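The structure appears below as structure tokens.
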Amino acid sequence: MKVNELNTWLLQVSTALILMSIGAQSVSAKEFLVSTVSEFDAAVEKLEPGDGIVMANGEWRDVELVFTGKGTADKDISLTVQTPGEVLITGKSNLSMAGEYLLVSGLVFKNGYTPTSAVISYRITPEHVANNSRVTQVVIDNFSNPERYETDYWVAMYGKNNRFDHNHLQGKNNKGVTLAVRLDSDLSRENHHSIDHNYFGPREVLGSNGGETLRVGTSHYSLSNSFTRIQNNVFDRCDGELEIISIKSGSNIIEGNVFLSSRGTLTLRHGNDNLVQNNVFFGGSVPHTGGIRVINKRQTIHNNYMEALAGYRFGGALVVMNGVPNSPINRYHQVDGARITNNSIINSPHIQLAAGSDEERSAVPVNSHFENNLVYITPEKNVFTLYDDVTGITFKDNLSNSQQNISGFSVKDLVLQKTDSNILFPKQLTKNVGFDPQTPVVSINEVGVDWYEKSKAQSKFEIQRRIKVDSESELVGAINSAQDGDEIHLSPGSYRLEKILDVKKSLSVVGAGDVIISYERPTLFVIHDGGSLRLSGLTINGKNAPDNVGNSVIRTSPYSMLKNYELVIENTKIIDLDVNRHFNVLNVAKSTMADSITLKQVLITNVSGAVLKLNKETDDYGIFNADFVTIEDSTFNKIQGAVVELYRGGTDESTFGPHFAVSNSAFTEVGRGRKNASKAALHLHGVQHTMIVHNRFENSAPIVIDHTVGEPVTHITKNSFVDSAAPVISELFSTSGSTANISDNKYN
Ligand code: CA
């Protein structure tokens, strides 16, 4: 045969073989349609390569699915559904899988949580893991343990050569990593997993460590290689904690991912030889949006794009840490041999080098390169903070529009233009500097599943319906049947409530004219899980409350709350909360978290307790009850307790909050009640960011601030203190003096 004839013959033979094998598969492959767990279990026993289980449409409640089998590279064993999106796994349920060449797709986990440590586990027992297996087109939506600080994973990857792709995960509100790659035995190291094209939807601020969206490894095995590839995923508002992605192992590739308005950073926390390239961060100037944090040896940070990242300190756009000399495995290893090249850092004001430098973290970065990067910012400014000696980093061929306090930059007037993927790049020819605008950027439509809607951004009090009420019973009815975005308008008059108002949605209660509310129960409002409350234009009087210790106007559910709430009180008077001791305006329970509490133009008079009592996390685990507390243009008279008690105890550094700001407000006779344990007008413990500006304190107890860890930012300026003691700041852990700025205040 001639060569051509031989090729033709080979083609015919191979085609025939392929057809035979397809024929063979269609004859032997079996599909088992199952409607119950016992049918499922019976089918699992029979599975041969090429076979599949099909779960019948409907709700599967309280099911623990154990999927095992031995497929082959050509013939996997599948677990699928009749119709994607119509098999709902609810209640106390999970899926564990082990074996070879398994394929899972189409499931939706919602309205429940796992009774074990994972919703989806790539192993059944420590010895029986899944390899060469894939989970795709699966949704896990708000499938969170109702105990906020009970820990679990949504996805735990074990074994080798597994894939997790095109899935949709959002709303993990309890503690624990959303997706963890585990390296805890030889069966799972050097795993070559792929995590790609997933939609990681919103994850709220947890207010504790353990809010990572993705983690690869743990410190214990961090010197092992993982070879995990994290590629083309979208992280949308993944705010859980300081680390969006926590890499704690070696030789991973993090490539082509997009981060949208996500607080925190991609952190190379432990392990060496990781490659971070072609990723895009759009911060939208949201507080604490960050980029990449570099620790350890031989990390490569190449061709990444960071825009409008507002974060600072460990949460900056680019952070190179100092290490601990001879670091134990769980502390900070020195940065050695980092290559930071061709990144664009646009309108992001904080690049932090030798960050975390202190007595312990004294090992500066060495043998490292910062080259061909573009730094652009308007208005022009320096964006570098050098916390220590950075001569171990070579700066070369970088470009900026602004003067930077570092060598190796040329400064030019630059005009930017935008690609179709919203990437800004200089119009001028800037060969080989910054992010390559040709780099493909994954779009949100290319990730997740197309039959499940992605989460939209909406502010909690955006008005959807206006409801007018004229009486107490109408008010109770309107609140009980409320939908998110309701604004309930009270007609002018006096209302005396016999029932507690249970807030389970995001709603506003607004006085249309002179509205006076009193109440006969120990509280007027309870904010339940999923509720948020805005009060506007009301007068609330405590005079008809029962003669009990510890009444309030608003309290949270006494139980753990998964969803963060918001509280706004504006243009409102609150008076005579003094029928008995410890009558507070707001009292919260442990394991509850406010995203924000805002008081604006409020007048609060005669209170036997505190105004905002946010001090229930007393275990000192770094947990707290409110992230942003803001008071503006308000007046507080005769408050026996503190106006604010805000507490975050312990030494954990995984969170950005709490934040506190008060401005243009007057405090008279505040905090001097005999029962006020803190003896303070404002008591802030472990708060990370404090602004107390332009207020008047008269005949009041002092401001008491306890600084703990995290280089807290505290400004107390332009206040006047009349017959009131000066602020008292204590440093509980720092050895390097106070970081507080107390200046330009008047005392008399
Ligand atoms: Ca963490």
Side-chain angles (χ1 to χ4, degrees), residues 117-118 144 148-157 169 172-184 195 200 202-222 226 228 230 235 237-249 252 254 259 262-271 274 276 288-296 299 311-316 319 321 323-324 327-333 352 355-356 361 564 593 617 619-624 627 648-658 686 688 708-711:
S117 61
S144 300
R148 185 179 182 97
Y149 296 113
E150 195 77 40
T151 302
D152 57 34
Y153 305 123
W154 274 6
V155 180
M157 290 184 84
L169 276 60
K172 188 172 201 300
N173 289 333
N174 68 313
K175 191 176 175 183
V177 181
T178 308
L179 188 167
V181 176
R182 307 284 282 131
L183 306 183
D184 56 358
I195 298 164
F200 293 98
R203 175 161 193 177
E204 294 187 321
V205 171
L206 179 63
S208 161
N209 191 15
E212 303 88 349
T213 293
L214 209 162
R215 192 186 71 205
V216 182
T218 54
S219 61
H220 199 71
Y221 302 103
S222 59
S226 189
T228 298
I230 299 164
F235 296 85
R237 289 163 283 161
C238 293
D239 294 342
E241 62 142 278
L242 194 92
E243 299 167 308
I244 306 166
I245 297 180
S246 183
I247 298 294
K248 295 187 169 180
S249 53
N252 299 288
I254 303 100
F259 298 80
S262 293
R263 295 179 191 200
T265 63
L266 190 179
T267 301
L268 302 175
R269 185 65 189 85
H270 297 297
N274 293 291
V276 180
H288 304 300
T289 47
I292 300 165
R293 186 158 71 114
V294 183
I295 306 154
N296 308 296
Q299 313 283 26
Y312 62 94
R313 195 171 179 260
F314 293 180
V319 184
M321 294 285 292
V324 175
S327 174
I329 196 147
N330 64 343
R331 288 300 293 159
Y332 285 85
H333 286 237
Q352 319 266 278
R361 284 181 293 227
N564 297 355
M593 175 71 161
E617 301 295 352
D619 296 324
D620 292 348
Y621 296 155
I623 300 175
F624 49 99
D627 199 8
R648 167 194 182 260
T651 57
D652 183 76
E653 292 189 77
S654 316
T655 60
F656 295 115
Q688 292 296 289
T708 57
V709 289
E711 298 160 29

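Please read these numbers as outputs of a predicted model, since none were measured by experiment. Order of appearance sets the numbers: ligands from 1, and atoms from 1 within every ligand.
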Handout entry: Test: Glu212 and Arg269 ion pair at under 4.0 Å
Key = no
Exercise for the section: For the Ca ion (ligand 1), count the protein N, O or S atoms found under 3.0 Å away. Expected result: 5
Exercise for the section: Would you mind checking if Arg648 and Asp627 are paired as a salt bridge, meaning a charged N to carboxylate O distance below 4.0 Å? Expected result: no
Handout entry: CZ on Arg215 to OG1 on Thr267, rounded to 0.5 Å
Key = 13.0 Å
Handout entry: Plane angle bin for His333 and His270 - parallel if under 30°, tilted between 30 and 60°, otherwise perpendicular
Key = perpendicular
Exercise for the section: Quickly, which of Leu179, Val276, Asn252, Val216 forms a side chain to side chain contact (heavy atoms under 4.5 Å, CB included) with Ile230? Name it, please. Expected result: Val216
Problem - Spacing of CD belonging to Glu204 relative to CG belonging to Asn564, to within rounding of 0.5 Å - result: 4.0 Å
